[in-house]
Amino acid sequence: MLKSARRQGKPQRDPEGRMPLAEHLRELRNRLMKSVLAILAVTVVGLVYYKQIADFLTEPLRDAVGCTEGFGRAADEGEACAEITLNGLIAPFTVMLKVGLTTGIVLACPVWLHQLWAFLAPGLHSHEKKYARSFVAAGVPLFLGGAYLAYIVLPAMAATLIEFTPDGTGNLVPLDDLLDIITRMVVVFGLAFELPLVLVMLNLSGIITGRRMLGWWRVMVVSITLFAAVATPSGDPLTMGALAAPIVLLYFIAVGISLFNDRRRSRKDPYAGLSDDEASPLDHTPEKVGAIEPVDGPSALPEVSPEDGPTRRNGYDDAT
């Protein structure tokens with residue numbers, strides 16, 4: 001009895017996913033809370049193993065620009081190098097927090113990507129939700145792929161920047177500043193690789209067509225190049241190209257998938273490309289009329305035999 005009454009008192013969900021504004025805000029709060037808790041849980045693990053993680057992050061940079069023999073000998077030989085240092089008693093604690101938070105954001109991406117999909121899913125149709133699940137499955141390797149690309153590009157970027165050091169001088173690189181650059185590069189590269197996924201999702205939702213996306217290709221290439229120039233600290237062509245080229249390639253792959261989806265959708269529904277306020281086209285071509293077939297029906301006049309002649313009534317021929 002209590003269970004049935006509780007079920008009857010529970011509000012029913014709209015099958016089309018419509019909710020009041022307060023429900024949307026409450027849903028957004030719950031999704032954000034779950035994402036933050038997942039990031040914090042992974043961050044705690046990152047804090048425990050932060051020394052190993054910090055060594056993993058800085059090892060390629062030490063190999064690329066590190067002064068293995070000290071500043072004095074490197075300056076005498078005209079070699080530009082840097083030494084990673086910490087300044088102050090609080091610096092190791094700050095580094096530990098930054099390493100742990102970066103680990104939490106990157107490794108918890110399956111959870112917060114799933115929460116993002118769960119927030120958007122009620123607004124999708126049933127046949128679109130299966131695509132959204134595959135987006136989550138594709139979004140995780142794309143984000144991790146962008147983060148790994150940043151990890152590969154960082155040594156070349158550091159070597160380019162260290163070349164600007166004047167001869168005879170050394171370069172001290174604070175570890176907390178270096179981790180800021182690494183975190184920014186990893187997150188920016190990872191999020192940039194999600195762009196084609198967002199475009200395909202908008203196409204499958206019917207918001208953007210593949211033909212329109214293809215018409216934007218010049219603007220998109222320029223925008224991606226400018227974004228790569230701003231996102232990379234060094235600004236050298238190698239680092240910019242390493243970020244811009246994969247994103248441009250993924251953009252055109254997204255355009256191809258969208259065009260294929262539009263063609264598939266037009267086969268099933270020829271009016272799928274019309275907007276809500278646009279009338280469907282009418283075919284005004286007249287069709288050919290077939291041969292006229294005789295139709296048997298009752299005669300309008302009564303049959304009169306020739307022998308009898310017409311019947312006269314009141315001096316008139318009674319035709320009826």
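Computation of the quantities below employed the complete heavy-atom set of this structure, encompassing side-chain atoms and omitting hydrogens, waters and symmetry-equivalent molecules.
- The shortest side-chain heavy-atom distance between Leu179 and Thr102 does not fall under the 4.5 Å cut-off.
- In this structure, Leu214 is a member of the same hydrophobic cluster as Ile257, with clusters built from ILVMFWY side-chain heavy atoms closer than 4.5 Å.
- Using a 4.5 Å heavy-atom threshold, the side chains of Cys109 and Phe143 count as touching.
- Ser258 has its side chain out of reach of Leu199: every pair of non-hydrogen atoms, C-beta onward, lies at least 4.5 Å apart.
- Between the Asp177 side chain and the Val173 main chain, no donor and acceptor come within less than 3.5 Å of each other.
- Within the 4.5 Å cutoff, no side-chain heavy atoms of Val111 are placed close to those of Leu37.
- Residues Phe193 and Leu226 do not share a hydrophobic cluster, defined by chaining ILVMFWY side chains whose heavy atoms lie under 4.5 Å apart.
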* For side-chain contact (heavy atoms from CB on, under 4.5 Å), just list the numbers for Arg212 and Thr209, CA-CA rounded to whole Å, side-chain angles, deciding distance to a tenth of an Å, and then say yes or no. => CA-CA 5 Å; Arg212 178 177 297 180; Thr209 62; 3.4 Å; yes
List the atom pairs, with distances to 0.1 Å, where a side-chain N or O of residues 85-96 and a protein N or O form a donor-acceptor pair under 3.5 Å, not counting sequence neighbours.
from  : atom 1 : to    : atom 2 : distance (Å)
Thr94 : OG1    : Ile90 : O      : 3.2

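- The hydrophobic cluster containing Leu144 also contains Val99, counting ILVMFWY residues as joined when their side-chain heavy atoms lie under 4.5 angstrom apart, directly or transitively.
- Considering only heavy atoms from C-beta on, Arg29 stays 4.5 Å or farther from Leu32 through its side chain.
- Taken to the nearest 0.5 Å, the CD1 atom of Ile182 stands 5.0 Å off from the CG atom of Leu57.
- Taking CG of Leu47 as the start and CG of Leu40 as the end, the distance is 10.0 Å to the nearest 0.5 Å.
- In this structure, Met33 is not a member of the same hydrophobic cluster as Leu28, with clusters built from ILVMFWY side-chain heavy atoms closer than 4.5 Å.
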* **Evaluation steps, side-chain contact (heavy atoms from CB on, under 4.5 Å), between Val45 and Thr103** => CA-CA 9 Å; Val45 179; Thr103 305; over 6 Å; no
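- In this structure, the side chains of Trp216 and Ile208 come closer than 4.5 Å at one or more pairs of heavy atoms.
- Side-chain atoms of Val248 and Met220, non-hydrogen and from C-beta on, never get closer than 4.5 Å to each other.
- Each of Val44 and Leu107 belongs to its own hydrophobic cluster when Ile, Leu, Val, Met, Phe, Trp and Tyr are linked at side-chain heavy-atom distances under 4.5 angstrom.
- One N or O on the side chain of Trp112 and one on the backbone of Ile105 form a donor-acceptor pair closer than 3.5 Å.
- In this structure, Tyr151 places its OH atom where more than 12 heavy-atom neighbours from other residues, nucleotides or ligands lie under 6.0 Å away.
- Nearest approach of Leu197 to Ala138, heavy atoms of both residues: CD1-CB, 4.1 Å.
- The distance from atom CD1 of Ile181 to atom CG of Asp176, rounded to the nearest 0.5 Å, is 10.5 Å.
- Side-chain contact check for Arg26 versus Asn30: some heavy-atom pair is nearer than 4.5 Å.
- Under the ring-ring contact (aromatic ring centres under 6.0 Å, His included) criterion, Phe189 pairs with no residue at all, not counting sequence neighbours.
- No salt bridge links Asp262 with Arg211; every basic N to acidic carboxylate O contact stays at or beyond 4.0 Å.
- Ile224 CD1 to Leu243 CG: the interatomic distance, rounded to the nearest 0.5 Å, is 9.0 Å.
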* To do: May I have the step-by-step check of side-chain contact (heavy atoms from CB on, under 4.5 Å) for Ile207 and Asn203, ending in yes or no?
  => CA-CA 6 Å; Ile207 300 176; Asn203 173 259; over 6 Å; no
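- The shortest non-hydrogen separation linking Gly104 to Thr43 is CA-OG1, 3.6 Å.
- Annotation for Ala228 and Met240: closest pair CB-O, 3.7 Å, computed over non-hydrogen atoms.
- For the side chain to side chain contact (heavy atoms under 4.5 Å, CB included) with Tyr251, the qualifying choice from Leu249, Ile247, Val255 is Val255, the only one to do so.
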* Would Leu259 and Met213 count as a side-chain contact (heavy atoms from CB on, under 4.5 Å) if you check the C-alpha gap in whole Å, the side-chain angles of each, and the deciding distance to 0.1 Å? -> CA-CA 9 Å; Leu259 290 173; Met213 290 167 53; over 6 Å; no
